[in-house]
Amino acid sequence: MKAVAVFPGPQEVRIVDQESPRLTLPDQVLLRMLDIGICGTDKEICSFEYGTPPPGDDHLVIGHESLAEVVDVGTAVERLRPGDLVVPSVRRPCRHPGCAACRSGHQDYCYTGDFSERGIKDAHGYMAEYVVDREQYMNVVPADLREIAVLAEPLTIAEKALAQIFWMMQQRPPWIDPETARGERGNGLSAVVLGIGPVGLLGAMVLANAGFTTYVYSRELPPSPRIDLVAAIGATYISSQTATFGQLAEQAGNIDLIYEAVGHSHFALEALKVLGTNGIFVLTGVPGLQAFVEADPARLMREMVLQNQVLLGTVNAGPDAFTAALRDLGLFRRHWPAVVPALIAGRYPPEQAADLILGRPTGIKSVIAFDVSR
Ligand SMILES: [Zn+2]
Ligand SMILES: [Zn+2]
């Protein structure tokens, strides 16, 4: 079978021909991969800045955002049958008995750092025709989400963040009542998303859907299909080329939430200066090596203390976030029928994977499909 792999030694990205995997344990499932999304993490891996092959291997099969069809199940598999659609999660627990996070099924909070991640760190990924994995890591997808479920994994970033924020907002201003419906928890509050790539756009959808008055702030200037998507979900786009952070804050009022989805340290620091009273700042971007910037940490610290601000870093994601992502994809499609499918730029054969990954990101999701006719 075909797979797309990086070889860190000779620094190559190419298609490999490997033996198809087989079931070897009773709780395993055999998956035929349908869609594999590509993102900035794949770009870093294919630029040899990130990513580690499994121990003893000279290559890493990439791909972590995926949708698959179950084609065979082991004798102990209970929840899944051939024909079911699934989105596999990415991170697998470390082996340390003392890691409370991994031992309780929350490897996204792993303490030791010895977790593995399929397609990223110490484990092969999903950009292959067939994959074997364990039932417990599969998230079942309703059949009617076939066309868009590949977006579930990138959507888990915002879902996990929002779950944490709502929990916090029950304990601190604006003291959201736990009984408040999900779609009303952001009512009367303003949220700013930094960045207009897929993570930013999906984050904006989650926030708008939760009732926040949502702004997206990024470099891009109109006309742009990404800016059109922001408008289509009822959010407001503001370009950093035409409005300063100060002007953004004037328009948004007290900024209750900033959702950072760029991975640019200077931009994030500037944004922190306009976070409102009792505001929460969520960091999701993972910056590579960047130029040092001048900062005034004393001022930042003073403002954060005097305004009861929260700075939260979050990495995706556990089973609850996948469940929420799949539920919300269905909701988003009902609210904005034209928008969600438009997030997928197109499906391309694996031969084009390297060019798409290393090319200029469109901000809308490109998907690799082994059978583009499906
Ligand atoms: Zn990704
Ligand atoms: Zn762990």
Side-chain angles (χ1 to χ4, degrees), residues 4 6 13 33 35-47 49-52 60-68 87-128 131 136-137 139 148-161 195-203 206 259-263 283-288 314-319 321-322 325-326 329 343-345 348 353-354 356-359 361-368:
V4 179
V6 293
V13 185
M33 303 314 296
D35 286 340
I36 305 98
I38 58 182
C39 75
T41 302
D42 297 306
K43 185 169 190 165
E44 286 180 1
I45 295 171
C46 290
S47 313
E49 291 168 18
Y50 200 61
T52 324
L60 172 73
V61 174
I62 60 171
H64 57 276
E65 305 179 1
S66 73
L67 168 69
V87 169
S89 67
V90 177
R91 196 181 278 196
R92 301 292 176 265
C94 74
R95 294 176 182 279
H96 299 279
C99 181
C102 287
R103 299 292 70 78
S104 63
H106 295 92
Q107 50 266 25
D108 50 321
Y109 290 92
C110 177
Y111 283 99
T112 69
D114 291 337
F115 55 82
S116 59
E117 286 174 329
R118 295 206 66 153
I120 301 173
K121 177 178 181 284
D122 296 335
H124 289 307
Y126 301 127
M127 210 176 281
V131 163
Q136 61 174 303
Y137 302 123
N139 302 283
I148 54 175
V150 68
L151 296 169
E153 197 275 347
L155 179 57
T156 60
I157 302 169
E159 296 290 359
K160 178 176 168 183
I196 195 170
V199 175
L201 287 170
L202 288 166
V206 169
Y259 183 81
E260 182 278 332
V262 188
L283 292 163
T284 77
V286 184
T314 182
V315 67
N316 56 330
F322 276 90
L326 286 162
L329 277 179
L343 284 172
I344 295 182
Y348 305 91
L356 286 165
I357 291 168
L358 293 168
T362 58
I364 298 180
K365 188 62 75 182
S366 292
V367 170
I368 301 300

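Indexing begins at 1, ligand by ligand and atom by atom, following the structure's order.
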Is the shortest side-chain heavy-atom distance between [X] and [Y] below 4.5 Å?
| X | Y | answer |
| --- | --- | --- |
| Ile344 | Leu151 | yes |
| Ile148 | Leu343 | no |
| Glu65 | Cys39 | yes |
| Tyr259 | Ile157 | yes |

**Study point:** Donor-acceptor pair, side chain of Arg118 and main chain of Ala123, under 3.5 angstrom
**Key:** no
Exercise for review: Decide if atom OH of Tyr348 counts as having more than 12 heavy atoms of other residues, nucleotides or ligands within a radius under 6.0 Å.
Suggested key: yes
Check your understanding: For the Zn ion (ligand 1), which N, O or S atom of His64 is at the shortest distance?
Key ->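 Of the nitrogen, oxygen and sulfur atoms in His64, the Zn ion (ligand 1) lies nearest to NE2.
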Point to revise | Apex the Zn ion (ligand 1); atoms Cys39 SG and Glu65 OE2; angle rounded to 10 degrees | key: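 Roughly 100°, rounded to 10°.
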Practice item. Run through the protein N/O/S atoms less than 2.8 Å from the Zn ion (ligand 2) and write them out by chain and number. Key: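 Those protein N, O or S atoms (cut-off: under 2.8 Å from the Zn ion (ligand 2)) are Cys94 SG, Cys99 SG, Cys102 SG, Cys110 SG.
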Exercise for review: Before giving the answer on salt bridge (Lys or Arg N to Asp or Glu O under 4.0 Å), spell out for Lys160 and Asp108 the whole-Å C-alpha distance, their side-chain angles and the decisive distance to 0.1 Å.
Suggested key: CA-CA 10 Å; Lys160 178 176 168 183; Asp108 50 321; 2.9 Å; yes
